[in-house]
Amino acid sequence: MSSKTEWETAEKAVDTAADKLKAMTTHTELYGWAKDNKLDSRALWPKAKTVMRQRLGIDYNAIRERVTAERAAEVAAAATDAPEIELWSAGDAEVASFAVCDATGEQSWYGEFRSDDRIYAFDDLSAELSAADKAVFIAGKAREHAELSTIRLLLHTCHPDLDPADLAATASRHRVALSIDVDDQSPAVALCRAPGSHGWRDIRLDILLEAGDTEQAAA
């Protein structure tokens, strides 16, 4: 499909669904519409967002930021007394790998980035961000395992530019109240260079939760 045809496809779809799109209040609804109409590809989705903004005054990115912030605030308020788990994450762009682990490095998820990784873009910051995103995912799985409404995650990273705001959407979706600590030492860094791989399903979620309960009791 040529660029001209892609623009025409996006314009026709947006014009046809104008009233429906104007009634939507969240980015989730807007993206759901795009998926239903096969506009969610890397080529078509940016064009569809541009057309929505130009013709209907619908700024998808602004709506996403607003809704994500509202949801993050709601999760943070609900998680005041929720259990906390502690994880370390690291990304290594030089070898295109990531690692997420507990303090000992024994409960871990590591390996090479997949070709369809939605965050990793072959640079150090995106590698770190993708690894951190995976840590939030693990915290969400721990929450589900314990049947909790929310959970707190203290995430350690060596990268000073890792911004919690970039993880807000994932954290809200998984009901995780996220805090980030920048630390020079991390067991996840060495795991990025470990041979082979270790899947997230190999992590003992109950151990992550028990470790957090022990640390909170000691405090």
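Small disclaimer: the values here were computed from a predicted structure and weren't measured.
- Looking at Arg175 and Glu74, a side-chain N of the basic residue comes within less than 4.0 Å of a carboxylate O on the acidic one, giving a salt bridge.
- When the side chains of ILVMFWY residues are joined at heavy-atom separations under 4.5 Å, either directly or via intervening members, Leu154 and Leu129 end up in two distinct hydrophobic clusters.
- The shortest distance between side-chain heavy atoms of Ile151 and Leu209 falls below 4.5 Å.
- Checked against ring-ring contact (aromatic ring centres under 6.0 Å, His included), His156 has the following partners two or more places apart in sequence or in another chain: Trp88.
- Shown here for Ala78 and Thr150, the closest heavy-atom pair between the two residues is O-OG1, 3.5 Å.
- Between Tyr60 and Tyr31, the ring planes lie tilted relative to each other; the angle falls in the 30° to 60° range.
- Inter-residue side-chain proximity for Ile203 and Leu205 is flagged as met; some heavy-atom pair is nearer than 4.5 Å.
- Ion pairing between a basic and an acidic side chain is recognised when a charged N comes within 4.0 Å of a carboxylate O; Arg193 and Glu94 show such pairing.
- For Arg66 and Glu70, the salt-bridge test passes: some basic side-chain N is under 4.0 Å from an acidic carboxylate O.
- Applying the ring-ring contact (aromatic ring centres under 6.0 Å, His included) test to Tyr110 and every residue at least two apart in sequence or in another chain returns His198.
- Using a cut-off of 4.0 Å between Lys/Arg side-chain N and Asp/Glu carboxylate O, Glu144 and Lys141 are scored as salt-bridged.
- Linking ILVMFWY side-chain heavy atoms closer than 4.5 Å, directly or via other members, places Ile119 and Leu125 in two distinct hydrophobic clusters.
- Of the possible donor and acceptor atoms, none in the side chain of Thr157 sits under 3.5 Å from a partner among the backbone N and O of Val182.
- Between Lys47 and Glu11 there is no salt bridge, since none of the side-chain N atoms of the basic residue sits less than 4.0 Å from a carboxylate O of the acidic one.
- For the pair Val176 and Arg152, the minimum side-chain heavy-atom distance is 4.5 Å or more.
- With no hydrogens or angles considered, no side-chain donor-acceptor pair links Asp133 and Ser130 at under 3.5 Å.
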